[in-house]
Amino acid sequence: MPLTFLGLYAAYVVSVILMRINSKRRKRARHLKAENERKESQMNHHTHKISTVIGFVMDYAHVINFFANSKISAMTNNVKNFLDDKTDSLEDGLVDEQSDDEGEEAEFHIAHRHVYKSYDEASLAFTDVEEIRPKTWKSWDWVRDVANHLRPWPGKGELMEMNYFSRAISIIAIPPTFLFKLTIPSNEMPWSKPILIIHCFCSVQLALFAVQISAKSPFHGSPGLWIYGLLISTIVSILALIFTPLDKEQKYYREIYSYLGFLMSIAWIYCTSSEIINVITMIGVATGVSQEILGLTIMAWSNCIGDVVSDVAVVKQGFPKMAMAAAIGGPLFNLLVGFGLPFTIACLQGKQIDLQITAVYRLLMLFLAISLFTSLIAIFVQKFKVRWPHAVALLTVFVSFLVFVLLSETHVLEWK
């Protein structure tokens, strides 16, 4: 059963990749077809111009023949007007042909009251950190560089633009922001060799602490893993100290820091979620509220607030498809991998887990199926365009689910 969940998620990922490849292929085919039609249209346009020139020559020959035969001087003005009309039509055709390529502008996107060119969409983030390039360790420039990178409070100009509430929040966030900058590599910051050495020590120790294995010994009589982590950090920092320059950014610095920052962010999320679970368990023991209600309210909301904020931010930056995919793929990952991976590990360890399907679990599965079928039908009815009635329907389903769960927990409604 657990392997089935993991297999479904693997099939989902493969399906998404194949559909994306197929979509790109069809888009490329449509582009080639449009390009061929444009070339064919231009060829027909040139053919029309050639026929116009031939017609002009033939008409001009008739006029010359008319002059040779009749020699009527009164027709001179009419012939001149006739030639001018033909010349104007030919020049208009040439102008139309030349103007086909004018007005073609680079693709742009308007998002959040800003215009972004296609080459600017790779990175919309910016930083106000002053870039300092120390030349030698003897100067104090590297100390100023470290202080700028680890500064946990906003700049003076940004602080003056904040209201009182935002200022209070920024003051409260100083300690965690300092810890984040101390342990999470950021590719948005300019290159700093001292910060790289600091991350070599702090990030490794945080990773060991987050998964709660710092004090564990790999074998009997050995010191804790934090000693081995400290040894690895020392080796890596010495290599960085010898082989990396002080004032020149490395070639793959931002790419590597992107992946390392992602991993350390996961470590912080894991550490924070463990503490949240402990607090929720304590609240449940103190108040007598069931774990299901706490999981469906406090735990679920705290788990989804970050997703909501990130999805809204992505939409404001002009990437609604990315936000839609994250909103659907995130819960799917939690369901399939969140169930499949722990149960698979438990089965490999020889443990047997018994699940008691209570009334809350039945309501959960029922309303989950209702929400999925609602989205499936609504997306097809709306022709794959999400509108506000769809959002109202989903919110109604969620509120109804909470009402039924509370009624079931208070034994007003009994599941039979």
Side-chain angles (χ1 to χ4, degrees), residues 5-24 27 109-114 116 121-125 258-259 261-263 265-266 268-270 272-273 276-277 294-342 361 363-405:
F5 288 111
L6 296 178
L8 287 174
Y9 186 76
Y12 158 73
V13 173
V14 172
S15 301
V16 170
I17 294 174
L18 293 178
M19 291 296 292
R20 182 59 180 170
I21 294 175
N22 185 38
S23 177
K24 287 185 176 181
K27 185 177 180 180
H109 298 269
I110 300 175
H112 201 42
R113 298 188 298 274
H114 294 281
Y116 297 103
E121 293 176 359
S123 177
L124 301 179
S258 298
Y259 292 105
F262 175 73
L263 294 177
S265 300
I266 291 177
W268 268 107
I269 293 172
Y270 183 84
T272 307
S273 61
I276 291 175
I277 291 174
L294 293 174
L296 292 172
T297 54
I298 299 176
M299 185 64 183
W301 295 339
S302 62
N303 188 28
C304 295
I305 285 176
D307 295 339
V308 172
V309 173
S310 61
D311 291 343
V312 172
V314 167
V315 170
K316 287 184 177 181
Q317 288 183 356
F319 303 97
K321 293 182 180 180
M322 185 188 300
M324 190 69 180
I328 296 175
L332 190 62
F333 178 84
N334 293 334
L335 285 174
L336 298 179
V337 179
F339 272 101
L341 190 59
Y361 290 147
L363 289 172
L364 180 62
M365 290 185 287
L366 175 62
F367 278 90
L368 178 62
I370 291 174
S371 64
L372 292 176
F373 277 109
T374 301
S375 297
L376 181 63
I377 295 173
I379 287 176
F380 278 101
V381 170
Q382 299 174 115
K383 297 180 179 179
F384 295 93
K385 293 182 179 179
V386 181
R387 297 181 174 88
W388 67 267
H390 186 196
V392 173
L394 293 179
L395 291 175
T396 304
V397 171
F398 179 71
V399 173
S400 303
F401 165 68
L402 292 180
V403 171
F404 274 92
V405 167

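No experiment lies behind these values; they were computed from the predicted model shown. Positions are given from 1 along the sequence. Computed from heavy atoms alone, side chains included, the values below leave out hydrogens, waters and symmetry copies.
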Under 3.5 Å donor-acceptor, T374 side chain and I370 backbone = yes
Nearest-0.5 Å distance, OH of residue Y12 to CG of residue L336 = 9.5 Å
Would you say V315 and M324 make side-chain contact, with heavy atoms under 4.5 Å?
-> no
Hey, could you give me the OG/CG distance between S15 and L8, rounded to the nearest 0.5 Å?
-> 10.0 Å
Give a yes or no on whether the backbone of I269 and the side-chain of T272 come within a donor-acceptor separation of less than 3.5 Å.
-> no
Taking all atoms of both residues into account, what is the closest heavy-atom pair of S371 and L394, and its distance?
-> O-CD2, 4.1 Å
When F398 is tested against each of L402, T396, L395 for side chain to side chain contact (heavy atoms under 4.5 Å, CB included), which residue passes?
-> L402
Sorted by chain and number, sequence neighbours left out, ring pair (Phe, Tyr, Trp, His ring centres under 6.0 Å) with F333 holds for Y9
Please say whether more than 12 non-hydrogen atoms of neighbouring residues, nucleotides or ligands are located less than 6.0 Å from CZ in F262.
-> no
About how many Å separate CG of L372 and CG of L368, when rounded to the nearest 0.5 Å?
-> 4.5 Å
Taking the side chain as C-beta and beyond, is there a heavy-atom pair between I17 and I21 under 4.5 Å?
-> yes
To the nearest 0.5 Å, what is the distance between CD1 (I379) and NZ (K385)?
-> 14.0 Å
